[in-house]
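Heads up, the thing below is written out as structure tokens.
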Amino acid sequence: MRRTVALVVAAGTGQRFGSDVPKQYLPLGGVPILRRAVAAFLDHPRIDAVQVVIGPGQDEACATALAGLALPPPVTGGATRQESVRRGLERLSADPPDRVLVHDGGRPLVAAAVIDRVLDALDAGGAAIAALPVTDTLKRADDGTIGATVDRAGLWAAQTPQGFPFPALLDAHRRFADHPATDDASLFEAAGLPVALVPGDPDNIKVTMADDLARAERLLAPSEFRTGMGYDVHRFGPGDHVMLCGVRVPHDRGVVAHSDGDVGLHALTDAILGAIGDGDIGQHFPPSDPRWRGASSDRFLRHAVDRLAARGGRVVNVDVTIVCERPKVGPHRAAMVERMAAILGVGPDRVSVKATTSETLGFTGRAEGLAAQAVATVALR
Ligand code: MG
């Protein structure tokens with residue numbers, strides 16, 4: 001199996017940006033720009049590792065921005081982007097991958113599909129970059145006055161990622177260290193090697209100016225909110241506890257279930273799946289499948305959150321109501337909120353747990369079992 005590493009270059013000082021903090025460390029939708037760029041590759045199933053290159057003196061800013069991510073220590077870059085990339089490649093050469101994707105740390109909105117297209121082209125052999133055909137009419141100008149109209153036929157605007165066989169790119173960088181280049185494909189071209197173009201994405205912008213940050217914020221803004229609901233029931237049976245909203249609650253009965261029978265998490269899983277029209281928990285985790293016998297239900301909820309994230313979505317808020325006479329939910333409510341917030345990856349202020357009895361009416365009133373309802377609101381972009 002070929003090993004593919006992403007080299008994310010974030011060594012810029014942000015001179016063009018007009019900010020004390022280099023732009024790659026600024027928050028975009030609450031998450032540092034660099035963290036978004038790195039996460040796009042870390043989360044991609046076809047990328048094996050990510051190496052970050054930062055500017056001198058940026059270690060602390062980098063450590064803060066990338067805290068908790070599974071990354072090797074950053075490489076310190078040089079005076080130019082080209083030199084920074086070369087230093088990153090030299091570090092990787094200690095344990096050389098088969099292929100490397102070079103990506104600008106200032107492009108936080110790179111889509112998994114763009115990464116896939118570059119990788120698909122690499123699979124076919126050679127090198128490839130993401131690029132967009134130029135559609136505007138191009139003018140060459142001096143002092144604000146047009147000197148000539150440039151034929152745009154065959155012109156493309158280069159983006160990143162740019163993908164290469166690792167040994168060939170390292171060699172090109174070593175050989176052409178004195179050949180000024182603003183991207184890596186240029187060095188491959190200088191070496192006379194072919195580079196394919198694959199479609200980039202207009203949203204894969206490079207945040208260079210303050211205006212770009214505002215544009216990226218707009219691109220990131222949710223375009224749609226959706227709501228889903230879920231409902232679940234389990235019958236009481238022998239046992240000494242029930243699982244409720246991810247918390248073990250002592251009780252003089254247990255529940256009869258294939259999994260751990262957590263009605264709160266089951267209802268919530270269905271609510272999230274419902275919001276994205278993605279079936280229900282039984283479809284994703286059939287009760288007939290022995291793998292889910294006694295399964296801890298947090299994995300069901302996590303799966304639903306992953307399906308949501310795969311569509312570029314996130315949880316806005318969830319609200320769960322548990323219906324039973326006993327056990328009493330109140331003493332466990334705070335722990336339930338904390339547990340569900342952790343599984344969902346959101347703050348506890350976005351999670352609600354409520355409880356009600358059914359006034360001794362019906363199956364919950366007769367304490368034959370317990371039920372839960374859940375509503376989830378999600379944002380998609
Ligand atoms: Mg259930």
Side-chain angles (χ1 to χ4, degrees), residues 226-309 315 317-330 332-333 335-346 350-358 361-378:
R226 293 184 176 197
T227 300
M229 67 159 295
Y231 174 71
D232 194 41
V233 170
H234 281 280
R235 179 193 295 274
F236 281 128
D240 62 0
H241 74 280
V242 295
M243 291 302 295
L244 267 180
C245 297
V247 172
R248 184 188 168 100
V249 176
H251 190 46
D252 55 9
R253 318 225 54 201
V255 293
V256 180
H258 189 70
S259 66
D260 67 5
D262 187 326
V263 289
L265 294 193
H266 293 184
L268 183 52
T269 300
D270 266 354
I272 291 173
L273 292 174
I276 55 174
D278 196 5
D280 62 24
I281 191 171
Q283 254 173 282
H284 291 268
F285 301 96
S288 55
D289 189 331
R291 275 183 300 167
W292 315 127
R293 182 169 300 147
S296 172
S297 295
D298 53 352
R299 67 186 300 167
F300 304 155
L301 182 55
R302 218 164 256 137
H303 175 76
V305 174
D306 288 346
R307 302 280 293 192
L308 171 63
V315 170
N317 76 299
V318 301
D319 188 10
V320 180
T321 301
I322 299 165
V323 187
C324 61
E325 302 294 321
R326 289 190 321 115
K328 291 293 172 211
V329 169
H332 306 282
R333 187 195 310 259
M336 291 172 175
V337 166
E338 193 183 329
R339 182 76 192 115
M340 289 200 293
I343 299 168
L344 295 167
V346 301
R350 294 179 183 273
V351 178
S352 158
V353 175
K354 309 198 300 303
T356 184
T357 70
S358 50
L361 300 172
F363 72 88
T364 53
R366 292 189 300 271
E368 293 166 1
L370 70 180
Q373 292 183 341
V375 175
T377 297
V378 304

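When a residue number appears, it is its place in the shown sequence, counting from 1. The model shown is predicted, which means the values in this text are computed figures rather than measured ones. Remember, it's 1-based here, ligands and their atoms both numbered in the order they're listed. The figures that follow rest on heavy atoms only: side chains count, while hydrogens, waters and symmetry mates do not.
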Q) Is D262 close enough to the Mg ion (ligand 1) to have an N, O or S atom under 2.8 Å? A) no
(Q) Parallel, tilted or perpendicular: which one describes the rings of F300 and W292, with boundaries at 30° and 60°? (A) perpendicular
Q) Given H266, which of V233, D280, L301, D232 fulfils the side-chain contact (heavy atoms from CB on, under 4.5 Å) condition? A) D232
Q) the Mg ion (ligand 1) is nearest to which N, O or S atom of D232? A) OD2
Q) So which N/O/S atom does H266 have closest to the Mg ion (ligand 1)? A) ND1
Q: State whether R339 and D298 are salt-bridged, where the test is any N-O pair (Lys NZ or Arg NE/NH1/NH2 against Asp/Glu carboxylate O) under 4.0 Å.
A: yes
Q) Just checking, any donor-acceptor pair under 3.5 angstrom between side chains of D319 and S352? A) yes
